[in-house]
Protein chains: 2
Amino acid sequence: MTEKVHENQRQRAPSQRSLATRDRIFDAAEHLFADRGFEGASIRDIARAAGVQGALVSHHGGSKEALFATVVTRRAQELARLRQDALAQAKAEGPLTLRRILTCFIAPFIDKTLNGGAAWSAYGRLIAHVSSDVRWQHIAQSCFDPTVRVFLAEIAAILPESSQQKISTHFVFMVSAMLSLCTSRWRIAGLADSDPPQDAAGDLAADLTAHLLAFCEAGFRS
Amino acid sequence: MTEKVHENQRQRAPSQRSLATRDRIFDAAEHLFADRGFEGASIRDIARAAGVQGALVSHHGGSKEALFATVVTRRAQELARLRQDALAQAKAEGPLTLRRILTCFIAPFIDKTLNGGAAWSAYGRLIAHVSSDVRWQHIAQSCFDPTVRVFLAEIAAILPESSQQKISTHFVFMVSAMLSLCTSRWRIAGLADSDPPQDAAGDLAADLTAHLLAFCEAGFRS
DNA sequence: GTCTATAATGAGATAGAC
DNA sequence: GTCTATCTCATTATAGAC
């Protein structure tokens, strides 16, 4: 079999260089969409940040909407896997508690977005846009709802007296609070009249995760 | 004293018609900024929605940024007054509890944004943009932080063992959950596999307020 | 796969008539 | 206070050379 393939089959795999360029474009798009929203980030901005020409952004990302969806989807799979792996491990280690279920959902996200580097930090803010704008409902449904439904079912088993409506409402409260750690830490710092807590005092992500978990577990049990 | 004034004094009061036009422009801007964000809403869209020419939007609103700030500020004063009046009345009626403090903050907002008509509904979503984007920090500080600090002080008096950092963090969690009722009810409905609860069953705002209050009070006490 | 060049449209803002 | 007209620049997207 030669390197040549039938015309209706896929072309040969993209080169290393092409893949690297594509990832630079997606990283730049992720960062700018996160910071300035869908309309606030222009293709030109993204191209400049990635160090390429505008036409190349369209080549790799398609239309601007397709690029947005691609960038959101890109890390969603890894995040879903982290969460479901954590849940599977928690199940293997003993009977599930509400706290353990919520931890499996929140801890991977906070760990990545606060300790996972600039790209994951931007991704957290990007998801906040998706979660608060009905225009991206289709993305939320395909990227996040399947995993969320798994967690909702586990919570419902722990809290049999709570209606599905109530559990779903509380879950959205929890997600909103979680995302506020990506979008609104400036607000917390401003209200606390203190500098944002430095890593000097320890693991910021662990502290915030514990805070958030305590808040939400109590809320679910209310 | 004639109608003529010194050139460096203010001109005569605007006409009724001018005020009505200005309000139509601000209402249109509020709605479009809320739905599509700052960059997503164009001056031209706003002019068309208000039924005026583009130049008139600039005339009444100044630059686009100034227009955005004006529209956010416009209802902030009324909201602050509603919240502080509720707090004053609660104080007059007896010793404050955590639940009563949180109610004074949340209930006026939910009542207006869910039962106060389309303009207040849009305003709720608009505030969600301000709260989640550090670019609008100066607006949040001037419009909302003064009232928030009053409530933080009352909460601190009820929860003397909680640090200011913890109370501020929990307060931001609460505000995020509250705003999710303006931005993400579609998400709750999608996850609950049920139509969004209809008003037929009663007062939607009252039900959601009670839900949210229970969740957040338990969180604060965690 | 990457570039240059450009098409086609829309953006924010303002000058000046009425 | 409101409108028409226009300036200047940015926008997304694509065609076509290499």
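The sequence lines fix the lettering, A, B, ..., with proteins before strands; numbering per chain opens at 1.
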**Q** Over all heavy atoms of both residues, which pair between A/H170 and A/F220 is shortest? Give the atoms and the distance, please.
**A** CB-CE2, 3.4 Å
**Q** Which heavy atom in B/W120 sits nearest to a heavy atom in B/K112, and how many Å separate them?
**A** CB-O, 3.2 Å
**Q** Hey, mind stepping through B/F173 and A/F173 against ring-ring contact (aromatic ring centres under 6.0 Å, His included) and telling me if it holds?
**A** CA-CA 8 Å; B/F173 290 165; A/F173 290 165; over 10 Å; no
**Q** Which whole-number value in Å describes the distance from A/L67 CG to D/dA13 P?
**A** 10 Å
**Q** Answer yes or no: does a side-chain N or O of A/T21 lie under 4.0 Å from OP1 or OP2 of C/dT2?
**A** yes
**Q** To the nearest Å, how far apart are A/L19 CG and C/dG1 P?
**A** 9 Å
**Q** Check each residue of residues 40-63 of chain B for a non-hydrogen atom within less than 4.0 Å of any atom in DNA chain D, then write out the ones that pass by number, or none.
**A** B/Q53, B/A55, B/L56, B/H59, B/H60
**Q** So, are A/R135 and A/E39 salt-bridged, with charged N and O less than 4.0 Å apart?
**A** yes
**Q** Checking A/K64 against A/F38: charged group under 6.0 Å from the ring centre and within 45 degrees of the axis?
**A** yes
**Q** In whole Å, what is the span from the CD1 atom of A/I25 to the C1' atom of C/dG1?
**A** 10 Å
**Q** Is A/R74 paired with A/D27 through a side-chain N to carboxylate O contact shorter than 4.0 Å?
**A** yes
**Q** Output the rounded distance in Å from CZ (B/R17) to P (D/dC3).
**A** 7 Å
**Q** Round to the nearest Å and state the distance from B/E65 atom CD to C/dG12 atom P.
**A** 12 Å
